[in-house]
Trainee: 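Pasting a structure here, questions to come.
In the text below, chain A, chain B and the rest are named by the order of the sequence lines, each starting its count at 1.
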Amino acid sequence: MTRKLPRSFYSRPTLRVARDLLGKYFIRRAGRFVFVGKIVEVEAYRGSIDPASHAYRGKTPRNEVMFGEAGHLYVYFTYGMHFCANVVTECPGKAGAVLLRALEPIRGLERMKLNRTTKGRSLDLFQLTNGPAKFCQAFSIVRNDNGTDLLGDRIYITEGEPVVDSEVSRSQRVGIRTGRDKKWRYFVKGNLWVSRP
DNA sequence: CGACCGATTGACT
DNA sequence: GTCAATCGGTCGG
């Protein structure tokens with residue numbers, strides 16, 4: 001695969017990191033399994049200036065990873081059953097994160113299917129990773145992965161495939177009330193794994 | 001404390 | 001289209 005992104009990629013303004021994450025390869029090693037997916041949909045959450053951000057009201061035990069060094073994974077638990085994963089951005093002390101909303105599965109598909117299967121129901125390929133909690137379930141990302149350094153070997157992101165501006169679309173973010181007007185969702189135009197709210 | 005509700009998903013009318 | 005699942009974060013008393 002291509003080379004691992006350096007810390008300097010993450011230590012930048014959140015909107016820039018969000019757009020530039022499109023096309024990158026997200027890699028997760030879990031025991032003998034390796035999962036790889038191309039990032040095709042993300043949302044920026046901009047800390048103290050963003051009412052929709054978990055970090056808007058300051059640092060707490062839950063969101064402290066967002067206030068730390070860029071290039072770590074912020075994983076949170078929601079709706080009593082789902083996990084969602086973010087990439088931490090900006091410099092230490094300034095909270096920022098990019099929510100990974102959808103990936104195009106590249107490697108580890110069979111195990112992803114098993115991870116995503118409930119009650120023996122079979123899922124088609126497009127439902128494997130077309131949502132933030134779906135992707136975490138497919139890639140076995142859980143509470144314990146919160147804070148993981150993306151410059152380590154367990155979870156990391158590589159250069160992947162460049163996505164030119166003409167292939168990028170922006171929209172309002174999904175599933176939030178405050179800050180709904182901001183177009184801080186970025187996705188690859190026409191990609192079949194992009195979630196459709 | 002107790003009440004409310006969420007960066008979601010899947011099942012169902 | 002509607003709605004329950006399920007639990008921890010957050011906020012008011």
Trainee: Grab the CZ-C1' distance between A/F77 and C/dT10 for me, whole Å please.
Mentor: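 Taking CZ of A/F77 and C1' of C/dT10, I get 16 Å after rounding.
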
Trainee: Tell me which nucleotide, if any, is Watson-Crick or G-U wobble paired with B/dT9 when both distances must be under 3.5 Å.
Mentor: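 Answer to the pairing question: C/dA4, which forms a Watson-Crick or G-U pair with B/dT9.
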
Trainee: Report which part of the nucleic acid A/A133 touches: base, sugar-phosphate, or nothing (heavy-atom distance under 4.0 Å, all strands).
Mentor: sugar-phosphate

Trainee: Please tell me which of A/M66 and A/Q137 maps to the more 5' nucleotide of DNA chain B, matching each residue to the nucleotide holding its nearest heavy atom.
Mentor: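 Counting from the 5' end, the first nearest nucleotide belongs to A/M66.
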
Trainee: State whether the number of non-hydrogen atoms from other residues, nucleotides or ligands found under 6.0 Å of A/N144 atom CG is greater than 12.
Mentor: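 No, CG of A/N144 has 12 or fewer neighbouring heavy atoms, counting only those of other groups under 6.0 Å.
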
Trainee: Between A/V42, A/V98, A/I176, A/D50, which is the residue that forms a side-chain contact (heavy atoms from CB on, under 4.5 Å) with A/W184?
Mentor: A/D50

Trainee: Is the phosphate of B/dA7, meaning OP1 or OP2, less than 4.0 Å from a side-chain N or O of A/R185?
Mentor: no

Trainee: Over 60° means perpendicular and under 30° means parallel, so tell me whether A/F35 and A/F139 are parallel, tilted or perpendicular.
Mentor: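 It falls in the tilted class, 30° to 60°.
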
Trainee: OH of A/Y45 versus C1' of B/dA7: gap in Å, rounded?
Mentor: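 So the OH-C1' distance, A/Y45 to B/dA7, works out to 4 Å.
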
Trainee: Can you tell which of B/dA7, C/dG8, B/dT9 lies closest to the side chain of A/R116?
Mentor: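 That would be B/dT9.
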
Trainee: Take the angle between the ring planes of A/Y74 and A/H54 and call it parallel below 30°, perpendicular above 60°, tilted in between.
Mentor: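 Judged by the thresholds at 30° and 60°, the geometry between A/Y74 and A/H54 is perpendicular.
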
Trainee: Roughly, in whole Å, what's the span from OH in A/Y79 to C1' in C/dT6?
Mentor: 12 Å

Trainee: Select one nucleotide: of C/dG8, B/dT9, B/dA7, the one nearest the side-chain heavy atoms of A/K134.
Mentor: B/dT9

Trainee: Describe the nucleic acid contact of A/L99 in one word from base, sugar-phosphate, nothing, applying a heavy-atom distance below 4.0 Å.
Mentor: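 Base, at least one base atom sits under 4.0 Å.
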
Trainee: Please determine whether a side-chain nitrogen or oxygen atom of A/R62 lies at a distance below 4.0 Å from atom OP1 or OP2 of C/dC7.
Mentor: no

Trainee: To the nearest Å, how far apart are A/R180 CZ and B/dG6 C1'?
Mentor: 13 Å

Trainee: Could you measure between the two C1' atoms, the one in B/dA7 and the one in C/dG1, and give it in whole Å?
Mentor: 23 Å

Trainee: For C/dG13, give the paired nucleotide (Watson-Crick: N1-N3 plus N6-O4 or O6-N4; G-U: N1-O2 and O6-N3; both under 3.5 Å), or none.
Mentor: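 Across any shown strand, C/dG13 pairs with none.
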
Trainee: Should we count CZ of A/R170 as having more than 12 external heavy atoms under 6.0 Å?
Mentor: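 More than 12 heavy atoms, drawn from other residues, nucleotides or ligands, come within 6.0 Å of this atom.
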
Trainee: Roughly how many Å is it from NE2 in A/H54 to P in C/dT10, rounded to a whole number?
Mentor: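 Rounded to whole Å, this separation is 8 Å.
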
Trainee: In whole angstroms, how far is the P atom of B/dA7 from the CG atom of A/D50?
Mentor: 11 Å

Trainee: Starting from P on B/dA7, measure out to CD on A/Q172 and report it in whole angstrom.
Mentor: 16 Å

Trainee: When you check the phosphate oxygens OP1 and OP2 of C/dC11, does a side-chain N or O of A/R57 lie under 4.0 Å from one of them?
Mentor: yes

Trainee: Considering heavy-atom distances to DNA chain B, does A/R177 or A/P132 have its closest nucleotide positioned more toward the 5' end?
Mentor: A/R177

Trainee: Is A/T60 close enough to C/dG9 that one of its side-chain N or O atoms is under 4.0 Å from OP1 or OP2 there?
Mentor: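 Looking at the OP1 and OP2 atoms of C/dG9, neither is under 4.0 Å from any side-chain N or O of A/T60.
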
Trainee: Rounded to whole angstroms, how far apart are OH on A/Y76 and C1' on B/dT9?
Mentor: 13 Å

Trainee: May I ask you to check if A/R173 and A/Y45 form a cation-pi contact, with NZ or CZ under 6.0 angstrom from the six-membered ring centre and within 45° of the axis?
Mentor: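 So A/R173 does make the cation-pi contact.
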
